[in-house]
Amino acid sequence: MKNIIKQFWKEHIVIVGLIAGAVVASTATAFITGEIMNAIIQADASLMMRQMVLLFVSLMLYVFFVIAKVRYANGVREKMLYTLRTNVAHDMTQTSFETFHQKDAGAYASWLSNDMNELDTRGFESFYHLAEGLISVIFSAISLFFMHWSLLGVSIVALGVMVQLPKLFKRTIQDATVHLTQEQERFISKVTDTLTFYNTFLTYRALNFFEQKIDQSAKNIKDVSLQYRQTMSLVALAGAVGNVVSQMAIIVLAGYLSNQHLISAGFLLPAIQFSSSIFNTVGNMSQNLAAIQGVEPIIEKIHSLTPASKNKRKIEALQSGYDFDQLELSYGEQTILKNFAEQIKLGEKIALMGPSGCGKSSLLKVLAGQLKASGGKARLNQQNIDEISLNSLYDYVTLVEQTPAIIEGSIRENLTLGQEIPEERLWDALAQVQLKDIIEALPAQLDETVGVRGDKFSGGQLQRLALARGFLADCPILLLDESTSSLDEATAIAIEKYLLMHPDWTVVMVTHHLRDQVKPYIDRIIQLS
């Protein structure tokens, strides 16, 4: 956590200054209260009134500094969280495909939501409480020293004991924090899956099972959260015991010093107040330190995405297509494709066919660099696909999957994915997939939102939107995985003819049903079994 704190060092200097201002005002208030007590004992009304005016001024300054600190610190906390989230997103873009897919989307969502909340409440907030506590302890210690050196001496001894308390629980807290964040990842992943298929549960009249799935996930995270809270309560209990014992020692000593006329009776109350401030603050500091140490595993986790290898090769110029040498694909111990040896020349139009589970979609992912073969070789441009940088590969290859990847946003955003593409090209692509008339009839046209997971459009319209996006990529190799399966017959035929008649495209399309009207445009059928 120290790296993100250091990154915003200028802002934290301002926060420290505001905290110091509040502590100085609070310290002045305590001394002024002591003078008021002395004036009351001496029956000096004039002195008491002057001190009351000073007390009002110091209290107003205290309020000003506290409000300014809270408002400014809240802004800094949000800036740090924003920076951490953008750093995680950047790391996702730099890591390898294999590393990214070691976790599911729910886990990454937990990183960006639950883990950030943990860092904010247990990390940043605890850090500011710790900084405020340290400054308060320093000023209170100086004040006790000026009253009488023995008050400070006893305080230092007691503090030494209290500071050691969090170290007894450090490992336990870190383990509990890791366990909690892991369970939060599982909770979000399971609940997201369950909520996504609400319609399925409803259709099959299985809403009781839907409720049971969420209830079980909630019960698991409840148990782990309770275990974490109980661990933190042990730290709080240890700090509270040390706090009570230390304050009692200072109260007894202050009473003795007052009885011996070594400090004035009026300053007995400030002495107790300063010592109470020190021990209460240190008691809380032990919890704050424990909380800060507890979030370190979260920081390590969200920075665990390693950059992809820089040793990957580029395709300098695409001169030849795919060739496969005894390619083998396996899932666990089950082999789904064996001794596959084929060539796909540039410009060829290939239909990849076979029964379900024979490896058609898996083979397409190998072509797209998204799946490693368990044996043999897969090459493009006479280079092993595994050795080609994905950034370079996707300059030449586009994969359009059966289930369209639709983001919550506008039609334009789903077509361009943030790239600058002339509007004319967008309309041309929509025309090729027979969506132009439909989009033109919408109130906002290209800027119309698609809804959550594209729920404003039908499955066939979303599939056509994904196809239009594939066409806009304008890559020489187009891989299609049942990409017209949700379309009506006439529309599917029209689109398939368009892409198969494109002279510059190499097309590999997975299909269960090759229509008679399309067969004349297919160069070869590769049958998997």
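Quick note: residue numbers are just sequence positions, from 1.
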Listed once per pair and sorted, the salt bridge (charged side-chain N to carboxylate O under 4.0 Å, His left out) pairs that draw on residues 106-115, sequence neighbours left out: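 Those involving residues 106-115 are Asp115-Lys301.
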
Ring centre gap for Phe124 and His129 strictly below 6.0 Å: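 No.
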
Where [X] and [Y] come nearest, the two heavy atoms and their spacing:
X      : Y      : result
Ser483 : Glu401 : OG-O, 4.1 Å
Lys314 : Gln383 : O-NE2, 3.4 Å
Val66  : Ala22  : CG2-CB, 4.0 Å
Glu132 : Ile19  : CA-CG2, 3.6 Å
Leu380 : Ile385 : N-CG1, 3.9 Å

Side chains of Asp447 and Ser410: donor-acceptor distance under 3.5 Å anywhere?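 No pair is found: no donor N or O on one side chain lies under 3.5 Å from an acceptor on the other.
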
Any pair counted as side chain to side chain donor-acceptor pair (under 3.5 Å), so long as it reaches residues 72-81, sequence neighbours left out: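 Checked against side chain to side chain donor-acceptor pair (under 3.5 Å) - neighbours excluded - the pairs reaching residues 72-81 are Arg77-Asp120, Arg77-Glu125.
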
Exercise answer: donor-acceptor pairs, residues 467-480 side-chain atoms, under 3.5 Å, sequence neighbours excluded:
{"from": "Arg469", "atom 1": "NH1", "to": "Ala405", "atom 2": "O", "distance (Å)": "3.1"}
{"from": "Arg469", "atom 1": "NH1", "to": "Asn414", "atom 2": "O", "distance (Å)": "2.9"}
{"from": "Arg469", "atom 1": "NH2", "to": "Ala405", "atom 2": "O", "distance (Å)": "2.8"}

Spatial distance of atom [atom1] ([X]) from atom [atom2] ([Y]) [nearest 0.5 Å]:
X      : Y      : atom1 : atom2 : answer
Ile15  : Phe127 : CD1   : CZ    : 8.0 Å
Leu327 : Lys377 : CG    : NZ    : 11.0 Å
Leu367 : Ile344 : CG    : CD1   : 5.5 Å

Ser330: what forms a side chain to side chain contact (heavy atoms under 4.5 Å, CB included) with it, not counting sequence neighbours?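 Once residues adjacent in sequence are excluded, the partners of Ser330 under the side chain to side chain contact (heavy atoms under 4.5 Å, CB included) criterion are Glu328, Thr335, Ser374.
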
Taking Tyr394 for the side chain and Ala368 for the main chain, is one N or O donor matched with an acceptor at less than 3.5 Å?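 Such a contact is found between Tyr394 side chain and Ala368 backbone.
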
Name the orientation class of the two ring planes belonging to Tyr322 and Phe324 (parallel below 30°, tilted from 30 to 60°, perpendicular beyond 60°).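 Ring orientation, 0 to 90° scale: parallel.
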
Tell me, do Asn3 and Ile299 make a side-chain contact under 4.5 Å, heavy atoms counted?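 They are not in side-chain contact.
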
Taking the side chain as everything from C-beta on, heavy atoms only, tell me whether Met116 gets closer than 4.5 Å to Leu81.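 Result yes, sub-4.5 Å side-chain heavy-atom pair found.
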
Got a list of side-chain donor-acceptor pairs under 3.5 Å for residues 458-466, not counting sequence neighbours?
{"from": "Ser458", "atom 1": "OG", "to": "Gln461", "atom 2": "N", "distance (Å)": "3.1"}
{"from": "Ser458", "atom 1": "OG", "to": "Gln461", "atom 2": "OE1", "distance (Å)": "3.4"}
{"from": "Gln461", "atom 1": "OE1", "to": "Ser458", "atom 2": "N", "distance (Å)": "3.0"}
{"from": "Gln463", "atom 1": "OE1", "to": "Ser485", "atom 2": "N", "distance (Å)": "3.3"}
{"from": "Gln463", "atom 1": "OE1", "to": "Ser486", "atom 2": "N", "distance (Å)": "2.7"}
{"from": "Gln463", "atom 1": "NE2", "to": "Gln402", "atom 2": "O", "distance (Å)": "3.1"}
{"from": "Gln463", "atom 1": "NE2", "to": "Glu482", "atom 2": "O", "distance (Å)": "3.2"}
{"from": "Gln463", "atom 1": "NE2", "to": "Ser485", "atom 2": "OG", "distance (Å)": "3.3"}
{"from": "Arg464", "atom 1": "NH1", "to": "Gln434", "atom 2": "O", "distance (Å)": "2.8"}

Going by the rule side-chain hydrogen bond (donor to acceptor under 3.5 Å, both in side chains), which residues pair with Asp323 if we only count those two or more places apart in sequence or in a different chain?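 Asp323 satisfies side-chain hydrogen bond (donor to acceptor under 3.5 Å, both in side chains) with Arg379 once adjacent residues are dropped.
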
